Amino acid sequence: MKQEISSDSTFGAGRYDGLWLGYRPLAASALGDRLAGAALAVHVAGHDEVAQSARDELQRGLSALLDKPVTATADPDGARIVAGSADTAVPIPGVLGDPTSWPEEAFAMWSSDANAGDRIYLVGGSSQGLLYGVFALLREWQMGHWPEMQPALHAPRIAQRVLNHWDNWTPSATHGSVERGYAGDTLWKWDELPEKIDSRYADYARACASVGINGAVLNNVNSQVDFIRTENLPKVAALAGVLRRWGMRVYVAVRYDSPIVLGGLATADPEDPGVVEWWAGKIDELYGHIPDCGGLQVKGDSEGQPGPLCYGRNHAVGANMLARLLLPYGGMVHWRTFVYRIPGLSDDRLKHAYEVFQPLDGAFDENVMLQTKFGPLDFQVREPPSPLFGRMPRSNLGMEVQLAQEYTGTDKTCCWLAPQWREVLDFDTQALGTGSTIARVVDGTLFQRPHSLIAGVANTGDGPQWTGHDLAQANWYAFGRLAWDPGLALDQIAQEWTRLTFGADPLVGRTIPDLLLRSRAVFEKYTSPLGLGLMVERAVRRMAPAPAAREPWHRADTHGVGYDRTRSGSGFVDQYHAAVSDQFNDLATCPESLLLWFHHVPYSWCLKSGRPLIEALCDAYQEGVAEVESMVAQWAGLAGHIDPPRHARVQVRFQEQLAWARIWRDTCTRYFLTKA
Ligand code: GCW
């Protein structure tokens, strides 16, 4: 029996934004005509719920693009678009090999020539691959492309592509706030679940599936222990049921002392048999509700969260206990490496994660994933990449990035983070010689690891635009696209998002990608140029500059600025492989974008441009503001090309951004000039 999915997936009928899934009618064009001719009927084989989502999406998307209803037929011979998964009757060209041996998430599409009926074929390695193929086909059409006659296989490089929701579970079980969330409260209405399923859950999952995101940790890593109480698991299961139809698995963040708080035990020591038994029971219960649960996430011994160190055990012992219990269910442990200020560590916080975790390389079970922030500090606009990526060859290292703009201007700022993620992914750790990029560590190929993960701290909330700032939707989109293929060109991603979101207006298609592509560099210039690092106030909102309060970080004095992390300083450089550490260690070869992360530099030091440091710093702040001014003007120029409410909303945000940029420039230049 056909499940009614489309009815609960209509993007809120105006209640909230349709993201990049608006499927605007294609303008009159050769491609549109060809599509209209070819798309008399679609056939999508397969009966499971993911195949049904694929069928619904193709029908819904195509009908909208052609602005006329398209029918689905059970007869492949009567269809012009023929789709299915590996076990369907679609004739597969020999070059693709046996589809039953493809990765499950892979897909291929190709077209017959016009004389042979102008058909399009789409085959997935499973229903999930088929679903991704449908979204890819709809995207290609909107980008003005027709599938090639030569089929190619598309498969994701990273297996677990997961959003992390720092969504709080409130004791009253109403829907709660989002930690570092700037887009409203949590999407998950725990007070209504499991009875009432908000239509937004399916739309969320559709949006994720459309860019290949296949998992979500539903709750905050600063976990509330109540989340996994027996009476709450049906709520989690109901949400998992919606996400499952779109190929997404849910993961659950747990507090390490749950056996004490929920189980009434005296300890949460991972080597205590009673503790192991308690977790065994809880995990069994969880999988009873959610048989395909992705696993558990743990923030241990960090920022007030308890962990194995509290009970005298190291992180490997702590993680492996859970991993062994999860193994029979196929579950993973996503164990975070975000730890610092543990007694006995060195003074430089950047060294801490390495000091705790690197000695444990090889000690973690196969189904433990060490989830590591991209940089050694905490999601700054620019950081050197975490040295752990190159130094744990016998562990699964997953990378964590932050879509939520905690340190990158919150919802007041256009800051497209894909360039940052790309830089980190492209960074060469030199672990096994040249070409040992972080992308190859994260996708598991460099060290031949069995599992791979990229995690993004979500920027979603229940506000009407999903992500606060309309343009921040592009961070969600880009995360999925880069997670699928870390090598994808940034301008392609920016153009796709713009076209799918705003349609085919040429001015919009030039302007918005340009704004996105330079936005991160602009934010960096007027907040922390030359690798200054952490400059933002400590307050929850994290908007204002606080150069004086952040002196322990950037170490400005009357002679110079920057944190000496060279061999004669904190020694942080030596956590990298020699080729990298030598480069960072030398003031002459250290990239200028990272200069002050590694060196205490005299204000009179001449940069490559020939300018002394103090001048370059002040110029950067000036230039940053000038660039925001030009962004404001560029956006203003789109009036009449974008729907007026959205244009006005973003205009207001750009004005706010400009006001903040001026505050940053004035505060920081005054501060540095006074110091110097
Ligand atoms: O950057 C810090 C944030 C905390 C966050 C922590 C973490 C969820 O300010 O809000 O806690 O990182 O990543 O665990």
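Small disclaimer: the values here were computed from a predicted structure and weren't measured. All ligand and atom numbering here is 1-based and tracks the order in the structure.
- Using cut-offs of 30° and 60° for the angle between ring planes, the Tyr671 and His554 rings count as perpendicular.
- The protein atom (non-hydrogen) at minimum distance from atom 6 (C) of ligand 1 is Glu303 OE1, 3.2 Å.
- Two rings, from Tyr621 and Trp664, have their centers 6.0 Å or more apart.
- In this comparison of Lys373, Glu406, Lys299, Arg538, the heavy atom closest to atom 9 (O) of ligand 1 sits on Glu406.
- Using the six-membered ring where Trp is involved, Tyr256 and Trp335 have ring planes that are perpendicular, over 60° apart on the 30 and 60° scheme.
- Across the listed options Asn222, Val457, Asn164, Leu377, Asn222 owns the non-hydrogen atom lying nearest to atom 8 (C) of ligand 1.
- Proximity of Arg542 to ligand 1, defined as any heavy-atom pair under 4.0 Å, is confined to the side chain (atoms from C-beta onward).
- Ring geometry, Phe364 versus Phe357: the interplanar angle falls under 30°, so the pair is classed parallel (tilted spans 30 to 60°).
- Note that CG of Asn396 and CD of Glu366 are 7.0 Å apart. Values are rounded to the nearest 0.5 Å.
- Using a 4.0 Å cut-off to heavy atoms of Val221, the atoms of ligand 1 that qualify are 8 (C).
- Taking a cut-off of under 4.0 Å to the non-hydrogen atoms of Tyr407, the atoms of ligand 1 that pass are 1 (O).
- Ring geometry, Tyr329 versus Tyr287: the interplanar angle falls under 30°, so the pair is classed parallel (tilted spans 30 to 60°).
- Residues Leu239 and Trp190 are in side-chain contact: their nearest non-hydrogen atoms beyond the backbone lie under 4.5 Å apart.
- For the 3.5 Å distance criterion, the side chains of Gln160 and His334 qualify, holding a donor opposite an acceptor.
- Each of the atoms 6 (C), 7 (C), 12 (O), 13 (O), 14 (O) of ligand 1 lies under 4.0 Å from some heavy atom of Phe338.
- Remark: distances from the non-hydrogen atoms of Arg336 to ligand 1 include one below 4.0 Å.
- Listed by number with element, the atoms of ligand 1 under 4.0 angstrom from any heavy atom of Asp378 are 1 (O), 2 (C), 12 (O).
- Taking only nitrogen or oxygen atoms, main chain and side chain alike, Glu179 reaches within less than 3.5 Å of ligand 1.
- Among the atoms of Asn220, none of the N or O lies under 3.5 angstrom from an N or O of ligand 1.
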